[in-house]
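Within every chain, numbering begins at 1; the chains are lettered A, B, ... in the order of the sequence lines, protein sequences first and strands thereafter. Keep in mind it's a predicted model, so treat the numbers as computed, not measured.
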Amino acid sequence: MPEGPSIIILKEKLKPFKGKKVLDANGYAKGFDAGMLIGKTLKDIKTWGKHTLLVFPKFAVRVHMMLFGSYYINSSPKKNASLHMQFANGEVNFSISSIKLIEEPLDDVYDWPADIMSKKWDTQKAITKLKAKPKMMICDALLDQKIFSGSGNIIKNESLFRARLHPESIIGQIPEKKLEDLIQEVLNFSQDFLKWRKINQLTRHLEAHEKNFCPRDNIALHKTDTGKTKRHSYYCEKCQELID
DNA sequence: TAAGTTGTTCGGGG
DNA sequence: CCCCCGAACAACTT
């Protein structure tokens with residue numbers, strides 16, 4: 001479930017619980033005592049990339065669904081819930097999620113302009129962060145949450161395909177204009193991801209991720225683990241330029 | 001049935 | 001002290 005656009009959808013689905021009191025709470029997530037939520041009122045729901053932030057009066061709870069996690073609203077996971085919250089008007093469950101208490105002000109903890117789903121996104125800041133890592137492969141940068149918060153493997157592969165850039169390109173060698181183009185593709189694709197995910201049509205619209213053939217050249221796509229992150233990259237050697 | 005998956009953190013070794 | 005790497009974690013689908 002967990003790339004940025006999916007978290008925006010989750011935020012919408014949590015709206016009915018805004019302003020509601022937690023009647024019961026439990027869960028097996030380690031390092032977090034769900035019982036502390038009982039009797040507290042959920043004031044707001046914020047997001048930062050893949051983080052879902054349940055805002056209570058004096059603290060916030062950070063939910064991160066990692067790689068396999070998911071959520072169940074007014075239904076239950078087949079197995080255990082990392083966090084279960086019961087409200088008068090329904091229940092919220094997270095499975096395989098990291099749950100963490102945040103007691104500091106959120107503005108001190110989060111770099112909002114780094115969130116690819118946020119109106120506060122700042123392209124210039126992203127460019128500056130990229131330039132600070134000239135030897136990094138661009139595929140790794142696209143998974144770096146400090147630079148592209150909310151981006152995951154799907155957004156990485158699709159944005160690189162759209163920008164016609166090879167995943168193993170070295171940041172310091174890529175012209176700034178090309179970096180700007182890539183960032184624009186990240187933003188565009190993330191909005192498309194959100195739109196398609198809402199109507200359950202994401203997979204059919206993907207052009208590179210988990211595909212066998214390049215839709216532009218109709219030749220086989222490479223499927224290789226790339227970069228330090230060693231995640232699957234799908235790319236076309238013909239139309240995605242390697243800049244190194 | 002076994003493998004694959006939209007991810008991150010931790011600790012050890014060099 | 002920094003970087004690199006593997007392990008660990010968990011549920012569900014095909």
Side-chain angles (χ1 to χ4, degrees), chain A residues 1-11 13 26-32 34 47-53 61-73 75-84 92-102 109-111 114-117 132-137 139-162 167 185-212 223-235:
Chain A
M1 300 296 308
E3 291 194 37
S6 299
I7 303 305
I8 298 295
I9 293 171
L10 168 58
K11 180 183 173 180
K13 292 184 176 176
N26 53 62
Y28 72 89
K30 48 186 172 203
F32 181 74
T47 64
W48 181 80
K50 299 164 187 169
H51 296 204
T52 303
L53 301 164
V61 176
R62 188 203 81 173
V63 178
H64 193 306
M65 287 180 280
M66 310 306 286
L67 185 55
F68 313 137
S70 49
Y71 59 82
Y72 301 81
I73 294 174
S75 65
S76 303
K78 290 178 182 140
K79 282 198 164 184
N80 306 318
S82 305
L83 175 61
H84 159 83
V92 176
N93 300 283
F94 297 100
S95 70
I96 330 187
S97 299
S98 156
I99 312 289
K100 190 182 158 198
L101 179 66
I102 301 178
V109 178
Y110 287 106
D111 176 16
D115 178 2
I116 60 172
M117 301 309 293
K133 298 182 183 283
K135 291 185 288 184
M136 187 185 248
M137 283 185 183
C139 60
D140 288 331
L142 285 164
L143 295 174
D144 185 334
Q145 302 301 298
K146 291 186 182 130
I147 307 177
F148 294 103
S149 173
S151 173
N153 213 27
I154 297 175
I155 293 174
K156 177 195 83 177
N157 283 324
E158 294 294 312
S159 303
L160 286 169
F161 179 79
R162 288 182 171 197
E185 296 298 359
V186 169
L187 301 179
N188 290 348
F189 175 72
S190 298
Q191 292 305 316
D192 285 342
F193 185 135
L194 174 60
K195 180 180 70 186
W196 291 327
R197 195 81 178 83
K198 278 183 180 168
I199 55 175
N200 211 13
Q201 290 188 359
L202 176 66
T203 310
R204 76 178 66 171
H205 282 101
L206 298 181
E207 295 182 286
H209 185 81
E210 292 188 329
K211 299 295 172 187
N212 293 317
K223 177 186 173 183
T224 318
D225 289 354
T226 59
K228 287 199 291 192
T229 45
K230 289 195 171 69
R231 304 288 306 281
H232 290 349
S233 285
Y234 297 81
Y235 60 94

Query raised in the report: Taking atom P in both C/dC1 and B/dG11, what distance in whole Å separates the two?
Result: 15 Å
Query raised in the report: Does a sphere of radius 6.0 Å around NZ in A/K100 hold more than 12 heavy atoms from other residues, nucleotides or ligands, not counting ones at 6.0 Å or beyond?
Result: no
Requested in this report: Taking the side chain as every heavy atom from C-beta outward, state whether A/R197 and A/I8 have any pair of such atoms under 4.5 Å apart.
Outcome: no
**Report entry** Distance in angstrom units between A/F94 CZ and B/dT6 P, rounded
**Finding:** 21 Å
Report summary line: Here the distance between atom P of B/dT8 and atom NZ of A/K100, to the nearest Å, is 13 Å
Query raised in the report: Rounding to a whole Å, what distance do you find between A/D225:CG and B/dT5:C1'?
Result: 13 Å
Report summary line: Residues at least two apart in sequence or cross-chain that pass side chain to side chain contact (heavy atoms under 4.5 Å, CB included) with A/Q191, listed by chain then number, are A/M117, A/L194
Requested in this report: Specify the separation, in whole Å, of atom CE of A/M117 and atom C1' of B/dT6.
Outcome: 13 Å
Requested in this report: Take the protein atom CG of A/L160 and the nucleotide atom C1' of B/dT6, then report the distance between them rounded to whole Å.
Outcome: 15 Å
Query raised in the report: Within the pair A/H209 and B/dT6, is there a side-chain N or O less than 4.0 Å away from OP1 or OP2?
Result: yes
Query raised in the report: Given A/S98, which of A/H51, A/H64, A/R62 fulfils the side chain to side chain donor-acceptor pair (under 3.5 Å) condition?
Result: A/R62
Report task. Examine the side chains of A/T52 and A/K11 and answer whether a donor and an acceptor come within less than 3.5 Å of each other. Result -> no
Query raised in the report: Are A/Y235 and A/L160 close enough that some pair of their side-chain heavy atoms sits under 4.5 Å apart?
Result: no
Query - Letter per nucleotide, 5' to 3', of nucleotides 7-14 of chain C [B base touched, S only sugar-phosphate touched, - untouched; heavy atoms, 4.0 Å] - result: ---BBSS-
Report summary line: Here the distance between atom P of B/dT8 and atom CE of A/M65, to the nearest Å, is 12 Å
Just the atom pairs and distances: protein N or O near nucleotides 1-4 of chain C's N or O, under 3.5 Å.
residue: C/dC4; atom: OP2; partner: A/K228; partner atom: NZ; Å: 3.1

Query raised in the report: How is the base pairing of DNA chain C summarised as a dot-bracket string, given the Watson-Crick and G-U wobble criteria with both distances under 3.5 Å, [ ] for crossing and | for another strand?
Result: .||||||||.||||
Query raised in the report: Do you know the tightest heavy-atom contact between A/L143 and A/G152?
Result: CD2-C, 3.4 Å
Query raised in the report: Rounded to the nearest Å, what distance is computed from the CD1 atom of residue A/I7 to the C1' atom of nucleotide B/dT8?
Result: 14 Å
Query raised in the report: Between NZ of A/K195 and CD of A/Q201, what distance do you get to the nearest 0.5 Å?
Result: 10.0 Å
Report task. Nearest 0.5 Å please: distance from the OG atom of A/S151 over to the CZ atom of A/F189. Result -> 9.5 Å
Report summary line: Given the options A/H232, A/K230, A/R231, A/D225 meets side chain to side chain donor-acceptor pair (under 3.5 Å) only with A/H232
Query raised in the report: How about A/M137 and A/P167: do any of their side-chain heavy atoms sit closer than 4.5 Å?
Result: no
Query raised in the report: Across the strands shown, which category fits A/E158 at heavy-atom distances under 4.0 angstrom: base, sugar-phosphate, nothing?
Result: nothing
Query raised in the report: Taking C-beta and beyond as the side chain, do A/L206 and A/L202 meet within less than 4.5 Å on heavy atoms?
Result: yes
Query raised in the report: Are A/R197 and B/dT6 close enough that a side-chain N or O sits under 4.0 Å from OP1 or OP2?
Result: no
Query - Spacing between A/I99 atom CD1 and B/dT8 atom C1', to the nearest angstrom - result: 14 Å
Query raised in the report: Are A/K211 and A/F161 close enough that some pair of their side-chain heavy atoms sits under 4.5 Å apart?
Result: no
Query raised in the report: Would you call A/S190 and A/I155 a side-chain contact if the rule is heavy atoms closer than 4.5 Å?
Result: yes
Query raised in the report: Should A/Y71 and A/S95 count as side-chain neighbours, where that means a heavy-atom distance under 4.5 Å?
Result: no
Polar atom pairs (N or O), protein with nucleotides 11-14 of chain B, under 3.5 Å:
none

Requested in this report: Could you identify which residues of residues 145-156 of chain A place a heavy atom less than 4.0 Å from some atom of DNA chain B, listed by residue number, or say none?
Outcome: A/Q145, A/G152, A/N153, A/I154
Query raised in the report: Is a side-chain N or O of A/N157 found less than 3.5 angstrom from the main chain of A/A208, in a donor-acceptor match?
Result: no
Query - Any donor-acceptor pair under 3.5 Å from A/E3 side chain to A/K50 backbone - result: no
Report task. Quote, to the nearest angstrom, the P distance that separates C/dA7 from B/dA3. Result -> 16 Å
